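Convention: sequence-line order gives letters A, B, ...; per-chain numbering from 1. For the numbers below, each heavy atom of this structure counts, side chains included, while hydrogens, waters and symmetry mates do not. Every value quoted in this text rests on a predicted model; they were computed, and no experiment measured them.
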Amino acid sequence: MPLELQLSLPLILILILSIKIVMVDAKFGNNKTLGFVTALAGFIVVFISAAFTLTISPEAIASLNAEELYSKGTITYGGFAAYFDMLFCVAAILTILAALPYFQKENSEHNAFYSMMVFAVAGMMLIAHSANLLSLFIGIEIMSISFYVLAGYFRTKEKSIEAALKYFLLGAFATGFLLYGIALIYGATGSLSLPEILTKIAADDFSNTYLTLGIALMLIGLCFKVAAFPFHQWAPDVYTGAPTVVTAFMSTAGKAAALIAFIIVARALFVIDIGQAAEIPDFQTNAIMIIAIISAATMLIGNITALVQKNIKRMLAYSSVAHAGYLLMGIVANSPQGWEGIIFYATAYLFMQIGAFIVLSVLERKTDKNLDLDDYSGISKSHPFLAAIMAIFMFSLAGIPPFAGFFGKFLLFTAAIDAGFTWLTIIAVISSMISVYFYIGLIVYMYFRKSNTYPLEADMGSAKVTLIISTACVVILGIFPSLIINLINNFF
Amino acid sequence: MHELIKFVPAFPLLGFLVLSFFGRNIKKEAIIGTIGSAAVGASFIISFLIFLSFAANPPDSPHIVSLFTWISAGDFSINISYQADQLSILFSMIITGVGFLIHVYSIGYMHGDRSFYRFFAYLNLFIFMMLNLVLASNFLLTFLGWEGVGLCSYLLIGFWYDKKFPGVRITWTGDAGNKAFIVNRIGDFGFLIGMFLIFTTFNSLEYTDIAGIAAANTSAFENTTIITIITLLLFLGCTGKSAQIPLAVWLPDAMAGPTPVSALIHAATMVTAGIFLIARNASLFALSSTTMSVIAVIGASTAIIAATIAIVQNDIKKVLAYSTVSQLGFMFVALGVGAFTAGIFHVMTHAFFKGLLFLGAGSVIHGMHEEQDIKNMGGLKKYMPVTYKTFLVAMLAISGIPLFSGFFSKDEILWYAFSNGSFLLWIVLAVAAFFTAFYMFRLLKLTFHGEERFNTKRIHPHESPKTMTVPLIVLAVLSAFGGFLGIPYVLGFGLFEHTNLMELWLEPIFMDANIILNHTAGHDIHLSEYVMMLISVAIALLAIKAANSMYSDNLEKSKKIIRKFKSGYSLLWNRYFLDEFYFKTIVDPILSLSRSFLWQFFDMKIIDGIVNGSAQLTGSLAKYLRRIQSGVAQNYAVIMVAGIILIISWMVF
């Protein structure tokens, strides 16, 4: 097989899967489990093919001549792209495993769910692979449109529909800025290819005003996608209104995809300042300062608002906003170290956040019952397993060692300090401290409150697999972070 | 063969995991006991196999077996890796060998205990941690084991947490566990700081790296302040774990735990961790003559002080506890005068005979229905013949009667204290040796001889079951003959080149340290060595004679002597008021400071004020922010537009 074909195999396979799953739905729409099985098997195959491309040596990939390739350099192969392919597939597998019992419980199984999941993953993978602003935009849109649909998946529930509509309206608004920004950057540099834009900027061959404006607009669009302040307000509403399993997927894999888009753009537009770069352009200094302020505001607002939430799903939704703030610190650091921090934290966050949401989905009852803190009083007695792993996820989200979240924060904070953003790190530490209050608060409810008179029911089914994998990863990555760190060290 | 070393700690870990997860469901004690013992036995077999391969083909440098990278941050990287060399294998054999016997013994001793599985799980965890301590190839892994054994020790001292245990400001066994843990923290603090300084000085925590750098730059490092500080800090750690002055006070109270624990942890293995640490870093310690002198002086003072306290104790286990403290002092003297081999040799023989003494004591306590006061015993010889005979062997060994193991190891220490140290050091140790033989035979007389001072109607002493007596017999054989591994050269009368197998075995380990200290490997025969040997035998015999006559039939004679030396007796009975001294000078002032100033003023007024104030601030902020989240999409768009205008104007203008 030619090398390019081998490298693009994950993308080809996810496209085949996208077509196949629609046909499965059309032909066997009544068979409720067939969509699940197809999607699960498909994601596993894509995962394996992506893992395979990760074993191809970076030197061999670098030796490919862009002009001779079919993709003409619009696609990045191997390295972090392959890693994110795997990560998105894992997130999708964990989600659909938990979705099966969840939708059975809610009496709303449709194969369409699995189709949308496949489309979303295809969009995310395209984002991770893009080396061109246009393919990046297409990836983001495929993902976003799938998300709009997924958020409104409970088409008979008012809250779900409200979430979808709100998400769509504001998302369309933000997409306009993103696209306009891309157009301006194209106008300023005459290219959509990110490597070419990089060389143009380095050679000072661009129109400063248009580029600056283009970057500002792109920044706005991307900040909306990662749900950063002041473009974050859709997130709590959408995350609360959407089906819990969808929220688990959107708030983790979706966030990771938006962040990798951020990294790809930042690598092309910003010079890495390691002392020898002759001159940092003004637009870079300004943009990074803006991102730093956005990052600080996002984590503070996310955590402070989460403090007063009585509904756990909403609390986790706000905390998800705060985590976007932490992740942006890696962009602020603008260094390989910072990007590696993002990748590690996105990985850790994926497992702990999916785990936490899936615990909610297991205990949740129709019409959004059993989502309040009070409902969780004393469940350590009736559900010792769920309480124990929920406690692990909370500790990890709060950044307490020896769980994965701690090392992610550690890497991001050190990257920010090395880049000279000590004030940002101080704010991050303060907001982490605030977050400890509500994360541990849930543990207090679970372990130290008297249990309710009515015990919650839990039917886990295949969600148990999700929970065990997530817990294992949160613990293993916390104790042996070098497993991942060694892998991502040579991506940048 | 040495690659197998990674399996040595693996088995006890497996045993611990199996017992702690499934132990509750295993109803049969025999199965639990077998799992626990087999895990340690398997480790012993592997250690023994590695030992055989080393004996056939002695390695010149340690074999390092790396499992995986534990921590990696910048240029700092620590592996989980084990070091197989003569020293670590010897310790591993002692730990797993004696440990195995004590596990078997515990099956009988703990029979009927409600937490039978928990006991074996802790014991397995302890063995795992102890093996990490001695097999580690770097300081950090050793420290993990060091803290781990401390934790196990704490858990096991308070194993019967609802049992009363009297002591200075101690009422429950849990208090004794706390005391052991807290006193050890002080030592651990020294260890930790020492470790940091080692990393800044040598830029590595690997033993082989440090020893290599130290040996290559002897003149640059010798007697420098930094080396002295590092070694003194490490030694502070050793005084904690090995119960030396000033941190000796915890060990006697550690006797609150079940007797097999006292034997395994507080006599045979964990307390020798300090000796191990110094031996492992012998070439580092050899670089500071100040530290070496401090070690010798502390060791000698501990040896004599603990030995004198032991002669007035009435609790059978406390006598043995003070005896342990005193014997550890002997070992530290050996290290302090540079006789590393002699120190390690004594670790081994001591593990045999002190383990035996504790297990024998356990057998007595078991047979006497939990009676521990030797004043209420006597005449047990005829009820417990096996226990009596094995106990006697251990006593002869610790007292230094020729041909028993303790004779060879203790005599070597005494000789080196004289030849490498000073005459004064020798005198102190000789007097301590006198007291050792004395308190031991006092214990023997009061427990097994004379009239029966217990209520024969209520208590019917009986011999212990086979699982307890067989380990006693095995340890008795080792205590009797284990000494032949280290026959002093002079007893070969110049006819044999290698009489001291121990020295031959450990020679590559201590080569660098001996070069630094100018100790030549060769031997001369000094007449004085024979003389000293004879003197020490005479001392032991004299002490036995004295004990025999003082405690012949009943307690009358000893009571008379106590009345005669009332103030001296009270000083010893109260352990030189060491505990009271610590409470008055350290604990109480700290408590009152923290109560009146730190708690009532600083914490309640200032900290709580700040905390509550900031919590209120955040809370009201949150309520305000929540109001902005109106749920209306148009409002969100307005806020977005405001943000967009701000960002664009910042970027463009």
Side-chain angles (χ1 to χ4, degrees), chain A residues 162 165-170 173-174 177 209 212-217 219-220 223-224 228-237 240-241 282-283 286-287 289-291 293-294 297 300-309 314 318 410-411 414 430 433-434 437 479-483 485-486 489, chain B residues 13 17 21 24 66-81 140-141 144 147-148 607 610-653:
Chain A
E162 185 193 325
L165 193 65
K166 211 181 267 179
Y167 192 12
F168 172 68
L169 284 174
L170 295 170
F173 186 45
F177 287 95
T209 322
T212 308
L213 198 55
I215 288 175
L217 294 178
L219 187 64
I220 291 160
C223 279
F224 178 86
F229 173 86
F231 315 107
H232 69 286
Q233 287 188 297
W234 60 273
D237 293 4
T240 319
D282 271 351
F283 66 78
N286 286 336
M289 185 49 84
I290 290 173
I291 300 173
I293 292 169
I294 287 178
L300 277 177
I301 285 182
N303 281 325
I304 291 175
T305 328
L307 272 184
V308 286
Q309 303 303 326
R314 206 165 170 79
Y318 276 106
F410 173 74
L411 293 174
T414 43
I430 290 173
M433 273 156 51
I434 296 174
Y437 177 83
I479 300 173
F480 308 113
S482 44
L483 288 177
I485 292 175
N486 289 340
N489 253 343
Chain B
L13 178 64
L17 293 175
F21 282 117
R24 192 190 299 266
S66 230
L67 293 189
F68 54 85
T69 307
W70 183 17
I71 298 169
S72 159
D75 54 353
F76 173 74
S77 136
I78 289 284
N79 290 332
I80 298 277
S81 53
L140 202 60
L141 189 55
L144 176 91
E147 291 294 301
I607 300 284
I610 294 173
V611 169
N612 291 338
S614 58
Q616 272 168 13
L617 189 76
T618 346
S620 48
L621 199 61
K623 278 187 199 118
Y624 177 72
L625 284 172
R626 193 163 58 165
R627 234 174 289 152
I628 299 181
Q629 191 80 21
S630 56
V632 181
Q634 291 90 317
N635 293 353
Y636 296 176
V638 170
I639 292 175
M640 276 173 73
V641 168
I644 290 163
I645 292 170
L646 269 176
I647 288 177
I648 291 178
S649 47
W650 183 324
M651 287 287 284
V652 176
F653 304 111

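- Between chain B and the residues A:Ala306, A:Ala216, A:Pro481, the most heavy-atom pairs under 4.5 angstrom are made by A:Ala216.
- When each of A:Val308, A:Leu165, A:Ile301 is scored by its heavy-atom pairs under 4.5 Å with chain B, the top score falls to A:Val308.
- Only the side chain of A:Ile434 comes within contact range of chain B, with heavy atoms under 4.5 Å apart.
- With a 4.5 Å cut-off on non-hydrogen atoms, A:Phe231 touches chain B through its backbone and its side chain both.
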Cross-chain donor-acceptor list, chain B x chain A, under 3.5 angstrom:
{"from": "B:Gln629", "atom 1": "NE2", "to": "A:Gln233", "atom 2": "O", "distance (Å)": "2.7"}
{"from": "B:Gln629", "atom 1": "NE2", "to": "A:Asp237", "atom 2": "OD1", "distance (Å)": "3.3"}
{"from": "B:Gly631", "atom 1": "O", "to": "A:Lys166", "atom 2": "NZ", "distance (Å)": "2.8"}
{"from": "B:Tyr636", "atom 1": "OH", "to": "A:Asp237", "atom 2": "OD2", "distance (Å)": "2.4"}
{"from": "B:Trp650", "atom 1": "NE1", "to": "A:Asn286", "atom 2": "OD1", "distance (Å)": "3.4"}

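- Here CZ of A:Phe177 is found 10.0 Å from CD1 of B:Ile647. Values are rounded to the nearest 0.5 Å.
- When all heavy atoms are compared, the tightest approach of A:Pro230 to B:Gly643 is CG-CA, 3.7 Å.
- With a 4.5 angstrom heavy-atom cutoff, A:Leu217 touches chain B only via side-chain atoms.
- Neither the backbone nor the side chain of A:Leu300 has a heavy atom closer than 4.5 Å to any heavy atom of chain B.
- Note that CD1 of B:Ile648 is 4.5 Å distant from CD1 of A:Ile220, once rounded to the nearest 0.5 Å.
- Surrounding CZ of B:Phe68 are more than 12 heavy atoms belonging to other residues, nucleotides or ligands, all under 6.0 Å away.
- At a 4.5 Å heavy-atom cutoff, the contact between A:Ile293 and chain B is made by side-chain atoms alone.
- Scored by the ring pair (Phe, Tyr, Trp, His ring centres under 6.0 Å) test, A:Phe283 finds no partners at all (sequence neighbours excluded).
- Note: B:Ile644 CD1 to A:Phe224 CZ = 10.0 Å, rounded to the nearest 0.5 Å.
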Going through the distances and angles, do A:Phe173 and B:Val641 end up as a side chain to side chain contact (heavy atoms under 4.5 Å, CB included)? CA-CA 10 Å; A:Phe173 186 45; B:Val641 168; 3.8 Å; yes
